[in-house]
Amino acid sequence: MQRDGKNRSIWQEVVSKASTANPHIKQYSVIIIGGGITGMTTALQLQEQKKSCVILEANQIGFGTTSGTSAHLNTVLDTPYSQIIKQHGIEKAKEVLESAREAIAHISRNIEHYQISCDFMTCSGYMYAEDEEQEGELMEIKKAIHQVGIACEEVFETPLPVGCVYAIKFEEQGRFHPTKYLMGLQKAFVALGGQVIENTLVQQVQEEHHRFQVKTADGQVFLTDAVVYATHTPPGVQFMNLRLVPYRSYIQVWELDEREIYPRDLVYDMKDPFHYFRTVLYKGKSCLMVGGQDHKTAHHDNEQQNFLELEAFVKKLFSVKRKLYQWSSQYYESQDSLPFIGYYPGKGQRNEFIATGFGGNGMIFGTLSGRMITNLIQEGKCNYQELYAPARIGPIAAFQDVLREQTDVVKHFVQDRCAVERIEGFAEMSRGEGKVLKYEGERIGLFKDENGKVFGVNPVCRHISCIVKWNNAEQSWDCPCHGARYAADGNLLNGPAVAPLKRWNFRADELLPGLG
């Protein structure tokens, strides 16, 4: 299985299914754009309801966040209930919990019904504080967890070898293998007559005569009654871009010394950004998964440093044998701490749907999206429709956050241009290094691979023309404005852009003597 980064995740050690589409069929009841857990869950449930569905995936099934997740199944979400209550009130916070429970139950139902072997298990969760300030914050979180209705208690120790001044334990959590689960969903979807078309980038959706024309980069045109955007961000320049902030998170998997004990449960610290821990199976043996170091996409000077800091953190707590995997992954935060699931805003209640802004809880909210969107298509209504409505106004504080984020976008749009204009000539480049430089008055993004081959791209993002930044951890060009990402050669990895970076064609020995 392939994914959108240089570093392999532990979830990629799964053989992906081949595309199953009949090339002669161009009309479907529903077209789902994106083949991660959101798209596949939606497609399967609609196919169960006798809808004819096709998944159009720009790369391969599981290429994006689903193969880069930590695969926690939470009712206690990454956004604390104390924050949700403050922004939305206690009754809506209780709805959030109810919806998370429903999502986990649906995952469990699919696993049992379709006999999917994916290491699924229920477990408890722990959070711990290491100083008085963290203790105060954790007490507020515990109070809120009790208020919404999750069993929670104070404990004196956690499953980790850490000293803490305060800790809590709560129930109703879980974990699984996300790509084994995804492949199980795909198998069931295809068995019911569903179609999957990979390596098919959707570039345009137009409504004509109460139906949608879906146009792809390779010139295909599909007709459908409904479109579901299961892509995190809808393709192109859209209003929703203003309401989402892309982040990256870093994960490592370790084999520990025989004296160490692997945690059965999920564990979180109270640092900012926090770390998360779980056990994962590798070749039948338990290993430790640790993640954290989260930051806004392309807002870090040295992404590789996050792996080094995470490794140092792990070695401070555990005696380790070896590191098996490390990778980073992208997720999107919404303006008001809740996801956007439902009718595409600004287009009326017609059959265009989006699901995005899941934060660090994509497995939960991606699954919930499938249930909600299926009901909207079938019945025109669903549970939690108002709670997660993409057109909701939200609290005033959330708009202030949006304004700050867009101010940051403008700052990068201007400052990154100023910075690149100050670079004269070419700096020495090491193998595996990428830089945005200036050549004869033009910006050029250069990457030199391990074999000395040089790739040149125009570093202007194809979304709204911000300047991309080199990500030295995943060897990609990342946009600091709305999170579009490109491979070293300019190929598109993640939207909302719908086209690759423009490439420079040159002979490396002519352009950069000594670098070839």
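Side chains are part of it too, since the values below use all heavy atoms of this structure and drop only hydrogens, waters and symmetry mates.
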Q.
If you define the side chain from C-beta out and look only at heavy atoms, does anything of Y229 sit under 4.5 Å from V202?
A. no
Q. Within a reach of under 6.0 Å around CD of Q206, are more than 12 heavy atoms found that belong to other residues, nucleotides or ligands?
A. yes
Q: Carefully, step by step, assess Y384 and E95 under the rule side-chain hydrogen bond (donor to acceptor under 3.5 Å, both in side chains).
A: CA-CA 7 Å; Y384 321 114; E95 281 191 79; over 6 Å; no
Q. Would the Y343 and F353 ring centres measure less than 6.0 Å apart?
A. yes
Q) Centres of the Y250 and F307 rings: under 6.0 Å? A) yes
Q) Where the side chain of E309 meets the backbone of N306, is there a donor-acceptor pair that is under 3.5 Å apart? A) no
**Q.** S29 and S52 side chains, donor-acceptor separation under 3.5 Å
**A.** yes
Q) Is E474 reaching over with its side chain to a backbone N or O of W327, donor-acceptor style, under 3.5 angstrom? A) no
Q. Is the shortest heavy-atom distance from the side chain of Y282 to the side chain of E255 under 4.5 Å?
A. no
Q: Would you check, one step at a time, whether the test side-chain contact (heavy atoms from CB on, under 4.5 Å) holds for T158 with F277?
A: CA-CA 11 Å; T158 74; F277 307 78; over 6 Å; no
(Q) Show the nearest heavy-atom pair for residues G360 and Y331, with the distance to one decimal. (A) N-CD1, 3.9 Å
Q: Look only at the side chain of R243 and the backbone of G357, and say whether a donor-acceptor pair between them is shorter than 3.5 Å.
A: no
Q. Within the side chain of R264, is there an N or O that forms a donor-acceptor pair under 3.5 Å with the backbone of C123?
A. no
Q) Got a donor-acceptor contact below 3.5 angstrom from the E198 side chain to the I61 backbone? A) yes
Q: For residues Y325 and E13, determine if any side-chain heavy atom of one lies less than 4.5 Å from a side-chain heavy atom of the other.
A: yes
**Q.** Non-neighbouring partners of E102 that pass salt bridge (charged side-chain N to carboxylate O under 4.0 Å, His left out), sequence neighbours left out
**A.** R371
Q | Crowding at CZ, R259 (>12 non-hydrogen neighbours, <6.0 Å) | A | no
Q.
Is it the case that over 12 heavy atoms from other parts of the model lie below 6.0 angstrom from the CD1 atom of I261?
A. no
Q: Report yes or no: do N74 and Y268 form a side-chain donor-acceptor pair below 3.5 Å?
A: yes
Q: Please check if atom NZ in K323 has more than 12 non-hydrogen atoms from other residues, nucleotides or ligands closer than 6.0 Å.
A: yes
Q) Would you say H88's side chain and D336's backbone share a donor-acceptor pair under 3.5 angstrom? A) yes
(Q) For F318 versus L288, what's the shortest heavy-atom pair and its separation? (A) CE1-CD2, 3.5 Å
Q) side-chain hydrogen bond (donor to acceptor under 3.5 Å, both in side chains) between Q330 and T297: does it pass, once the steps are laid out? A) CA-CA 8 Å; Q330 188 148 299; T297 299; 3.0 Å; yes
Q: Measure the shortest side-chain to side-chain distance between R175 and D265 over non-hydrogen atoms and say whether it is less than 4.5 angstrom.
A: no
Q.
What's the separation between atom CG in L310 and atom CD in Q293, rounded to the nearest 0.5 Å?
A. 5.5 Å
Q) Between H146 and Y81, is a ring pair (Phe, Tyr, Trp, His ring centres under 6.0 Å) present by the stated rule, with each step listed? A) CA-CA 10 Å; H146 267 304; Y81 282 108; over 10 Å; no
Q | Under 3.5 Å: donor-acceptor pair, side chain of T38, backbone of A230 | A | no
Q.
Are the side chains of N383 and M372 in contact, using a 4.5 Å heavy-atom criterion?
A. no
Q. Do you see a donor-acceptor pair shorter than 3.5 Å between the side chains of S337 and Q87?
A. yes
Q. If you take all heavy atoms of I373 and A355, which pair is closest and at what distance?
A. CD1-CB, 4.2 Å
Q: Show your working on side-chain contact (heavy atoms from CB on, under 4.5 Å) between F358 and T65 and close with a plain yes or no.
A: CA-CA 11 Å; F358 300 157; T65 304; over 6 Å; no
Q) Hey, are the side chains of S334 and R392 touching, using non-hydrogen atoms and a 4.5 Å cut-off? A) yes
Q.
Is the shortest side-chain heavy-atom distance between Y486 and L492 below 4.5 Å?
A. yes
Q. Should we count CD of E386 as having more than 12 external heavy atoms under 6.0 Å?
A. no
Q. Which distance, rounded to the nearest 0.5 Å, do you find between the CG of L368 and the CD1 of I104?
A. 11.0 Å
(Q) Can you give me the closest heavy-atom contact between A484 and P496, atom names plus distance? (A) N-CD, 3.9 Å
(Q) Measuring from atom NE2 of H232 to atom CD1 of I354, what distance do you get when rounded to the nearest 0.5 angstrom? (A) 13.0 Å
(Q) Show, in sequence, the C-alpha distance, side-chain angles and deciding distance for T279 and M289, and conclude whether the side-chain contact (heavy atoms from CB on, under 4.5 Å) test is met. (A) CA-CA 6 Å; T279 295; M289 177 182 288; over 6 Å; no
Q: Please confirm whether the backbone N or O of Q12 pairs with a side-chain atom of R3, one donor and one acceptor, at under 3.5 Å?
A: no
Q. Can you check whether E57's main-chain N or O pairs, donor with acceptor, with T200's side chain at less than 3.5 Å?
A. no
**Q.** Salt bridge flag under 4.0 Å for residues D225 and R211
**A.** yes
Q | N110 backbone acceptor or donor facing Y181 side chain under 3.5 Å | A | no
Q | Modelled atom types, side-chain donor and acceptor of E303 and S328, under 3.5 Å | A | no
Q) With sequence neighbours excluded, what pairs up with A217 under the side chain to side chain contact (heavy atoms under 4.5 Å, CB included) test? A) L201, Q203
Q | Residue that, paired with I31, satisfies side chain to side chain contact (heavy atoms under 4.5 Å, CB included) out of V214, V205, I197, I55 | A | V214
Q. Got a second to check how far E260's CD is from L160's CG, nearest 0.5 Å?
A. 10.0 Å
Q: Name the orientation class of the two ring planes belonging to F313 and H275 (parallel below 30°, tilted from 30 to 60°, perpendicular beyond 60°).
A: parallel
Q.
Do F170 and T75 make a side-chain contact, defined as non-hydrogen atoms from C-beta onward lying under 4.5 Å apart?
A. no
Q: Heavy atoms only: give me the nearest G342-L376 pair and the separation to one decimal.
A: CA-CD1, 3.8 Å
Q) Atom OG1 of T41 and atom CG of L182: how far apart are they, to the nearest 0.5 Å? A) 8.0 Å
Q: Start with the C-alpha distance between T66 and W11, add both sets of side-chain angles, then the distance that settles side-chain contact (heavy atoms from CB on, under 4.5 Å), and finish with yes or no.
A: CA-CA 9 Å; T66 302; W11 313 128; over 6 Å; no
Q: Answer yes if the side chains of Q173 and T122 hold a donor-acceptor pair under 3.5 Å, and no otherwise.
A: no
Q. How many angstroms lie between atom NZ of K169 and atom CD of E157, to the nearest 0.5 angstrom?
A. 10.0 Å
Q.
Holding to side chain to side chain donor-acceptor pair (under 3.5 Å), I want the full list of residues that pass it with N471, two or more places apart in sequence or in another chain.
A. D478
(Q) Using every non-hydrogen atom in the two residues, find where M1 and S67 come nearest and quote the distance to one decimal. (A) SD-CB, 4.2 Å
Q: Report, as yes or no, whether the 6.0 Å neighbourhood of atom NZ on K26 holds more than 12 heavy atoms from other residues, nucleotides or ligands.
A: yes
